[in-house]
There are 2 protein chains.
Amino acid sequence: MLPELKIAQLRHFVWVAELKGFHAAAEKAHRTQPAISLSIKDLENKLGESLFEKRNAKSANAELTPFGQHFLPQAKELIAHHDRIAQDMTLMAEHKTGHLRLASVPSIASRMLPDILSRFVAHAPDLHISCFDDNAAAVLDMVEHQQVDFGIASLLQTDEHANKTFIPLWHDHVGVVCRNDHPLANSDSLHWATLREHRLISNGTSRLLEGTEAAPLLEDSQFYISNMISLVAMLEAGLGVTTLPWFAFPRESSTLTFIPLTTPEVVRRIGIVRLSNKSLSPAAQALVQFILAQNEPG
Amino acid sequence: MLPELKIAQLRHFVWVAELKGFHAAAEKAHRTQPAISLSIKDLENKLGESLFEKRNAKSANAELTPFGQHFLPQAKELIAHHDRIAQDMTLMAEHKTGHLRLASVPSIASRMLPDILSRFVAHAPDLHISCFDDNAAAVLDMVEHQQVDFGIASLLQTDEHANKTFIPLWHDHVGVVCRNDHPLANSDSLHWATLREHRLISNGTSRLLEGTEAAPLLEDSQFYISNMISLVAMLEAGLGVTTLPWFAFPRESSTLTFIPLTTPEVVRRIGIVRLSNKSLSPAAQALVQFILAQNEPG
DNA sequence: GGCTCTTGATAAGTATTGCTTATCAGGAAA
DNA sequence: TTTCCTGATAAGCAATACTTATCAAGAGCC
């Protein structure tokens, strides 16, 4: 019913009108002059009216009919609209624009992401990023409910997350943290049994020991501190020792020491978690690629 | 540089997204399913991103990627914009809409146009019409300067209007107008010489006698009244007689009589005047055709 | 006047695009 | 498993867009 106006065709029309000539328009369109003639003719047929004055009669420059004059601004508007969208989509596909949401466990969020993100946004100034940090379970939950494009966490109970894809990135070894003047502080490595002799403060990451031979330690533990700030304060006060993954160890503290736990060697595998059956937005996809590229050489 | 998004292609995309399936979209587009597949694939290539989730994997209904979700409303907007313009142009080409300006000599404007225009606009309710009435010279001037789409007038000094096209429509005979009780009032026809015995009031239409054998009458004339209302008042007061074309004769006056002038027979040819080298707008073109059609049978 | 340069239109052939039919692969439901 | 959906893919055909070559007609020039 309605004619289908092709963008290229409209562009030809506008060029002929504005450059006042078929030859000039042809050059601009990187086409030959007959192509433009035919294109305009086809457009006129579709609309059912001439756009330019009879052109076989006089050699004066191509001139619009009243109808053509009315059509010109409309055509220009539609072309502009098209170009705006095409540009927008291209930018978005090249992840130069858009909105990206991710969730991460705090250790990575504070230790790795600031550097990664600042370098990533350097070549995408119009990209908006929202980053949520929370514990691994909450991160997985946000991924599950599509509140974020992807998450950075370790995968707990892998069987429950069949619908998620996990890309391991960092191996985070669990160690023991104590005050510099603690008897254990000068050890190079530790056996879990050694810890039984010291007061152990457990924390949110302690469940990493579950299922390892060091599990009995958890039951020995008298204190449980979920908050990291409080935990550090306890340790600095010499209340006891705790286990932490290396990434979660507060390096900025000058009074605490990290000693690797070698028996058992408990490793938290942190990586990118996303839904298997959902595509990432171009921006998210780009960030994942970026993170992977960062980690490959290192 | 920028990809050229074809309207048909966007339409396919929107249909697949909204009908949640390639088959359904194909049916709506009156195409086969592979055609839609290829169309979408091409669009995805142009944009550089997938619009739908991987479709070979699961048979669930076609589902948009985040990118596709962002693109959908934009595509719909662009399609709507296109359709609006296409519709607008089609209506305008069919002269259902637009703005039409014409100028006419007062006799036709008051005698013929009210009926013609009211019937013409009956099938074009959204058409705006502006009508200017003035004397023939002014009408020709407005045509000349493209202040109107076309004019209705008689062509004076044809040599000066080589750039105009004249389509004769009405033959308007000049006659003598006097009061019912005037000595001439009962004549069936008149010879110009008879008028010399009466007081003649000349008017704007009197120059029609120029170049005829009745020309000496103009010099005899003591009064010149340009305004029609005043002229009628003078005549009704019995001040004298005048010459007028039949169309300019005020039929509604019950006290005045029109007597045809037979020697010489002066005829004013009234018709449509337009610039030869300019196209008419669709609406103007339609009105001209309409007027011509009205006059052909009559 | 005739010559040349411009304008855009036109014809015929080719290249590209879009569409078709026929077929295939994979998941869901029987 | 078999069947019935989904959409993807291949090969061939048809419509469209573009090319080169040529033409007609007005303007400027001698």
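Below, chain A is the first sequence line, B the second, and so on; all start at residue 1.
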K.L.:
Aromatic rings A:Phe67 and A:Phe71: how do their planes relate, parallel, tilted or perpendicular, breaks at 30° and 60°?
P.N.:
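A:Phe67 vs A:Phe71 ring planes: parallel.
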K.L.:
Can you name the nearest heavy-atom pair linking A:Val288 to A:Ile272, along with the distance?
P.N.:
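Of all heavy-atom pairs spanning A:Val288 and A:Ile272, the closest is CG1-CD1, 3.9 Å.
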K.L.:
In whole angstrom, what separates B:His23's NE2 from D:dC4's P?
P.N.:
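Interatomic distance, NE2 of B:His23 to P of D:dC4: 15 Å.
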K.L.:
Measure the distance from CD on A:Glu27 to P on C:dG8 and round it to the nearest whole Å.
P.N.:
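One finds 13 Å between P of C:dG8 and CD of A:Glu27, rounded.
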K.L.:
Distance check needed: C:dT17 P versus B:Ile7 CD1, whole Å only.
P.N.:
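Distance, rounded to whole Å: 19 Å.
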K.L.:
Return the value, rounded to whole Å, for the distance between atom CZ of B:Phe52 and atom P of D:dT6.
P.N.:
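My rounded result for the distance is 15 Å.
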K.L.:
To the nearest angstrom, how far is A:Leu51 atom CG from C:dG8 atom P?
P.N.:
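In whole Å, C:dG8 P and A:Leu51 CG are 15 Å from each other.
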K.L.:
Apply side chain to side chain donor-acceptor pair (under 3.5 Å) to B:His128 and B:His99, showing your working.
P.N.:
CA-CA 5 Å; B:His128 289 242; B:His99 194 155; 5.7 Å; no
K.L.:
Expressed as a whole number of angstroms, how long is the span from B:Lys20:NZ to D:dG7:P?
P.N.:
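Taking NZ of B:Lys20 and P of D:dG7, I get 12 Å after rounding.
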K.L.:
Tell me the interatomic distance from B:Glu44, atom CD, to D:dT9, atom P, rounded to whole angstroms.
P.N.:
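Those two atoms, CD and P, are 11 Å apart.
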K.L.:
Would you compute the distance between atom CG of A:Leu5 and atom CZ of A:Phe13 and round it to the nearest 0.5 angstrom?
P.N.:
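Atom-to-atom, A:Leu5:CG and A:Phe13:CZ are 11.0 Å apart.
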K.L.:
Does atom NE2 of B:His123 have more than 12 heavy-atom neighbours from other groups under 6.0 Å away?
P.N.:
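For B:His123, atom NE2 is crowded (more than 12 foreign heavy atoms under 6.0 Å).
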K.L.:
Look at the side-chain N and O atoms of B:Lys41 and state whether any lies under 4.0 Å from the OP1 or OP2 oxygen of D:dG7.
P.N.:
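For D:dG7, neither OP1 nor OP2 has a side-chain N or O of B:Lys41 closer than 4.0 Å.
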K.L.:
For the pair made of CG in A:Asn45 and P in C:dT10, what is the distance, rounded to whole Å?
P.N.:
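So the CG-P distance, A:Asn45 to C:dT10, works out to 11 Å.
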K.L.:
Can you name the closest pair of heavy atoms from B:Glu53 and B:Leu64 and give their distance?
P.N.:
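So the two residues come closest at OE2-O, 3.8 Å.
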K.L.:
Polar atoms only, N or O, under 3.5 Å: list the protein pairs with nucleotides 15-19 of chain D and their distances.
P.N.:
from   : atom 1 : to      : atom 2 : distance (Å)
D:dA17 : OP1    : A:Lys6  : NZ     : 2.6
D:dC18 : OP1    : A:Arg31 : NH1    : 2.9
D:dT19 : OP2    : A:Thr32 : N      : 2.8
D:dT19 : OP2    : A:Thr32 : OG1    : 2.6

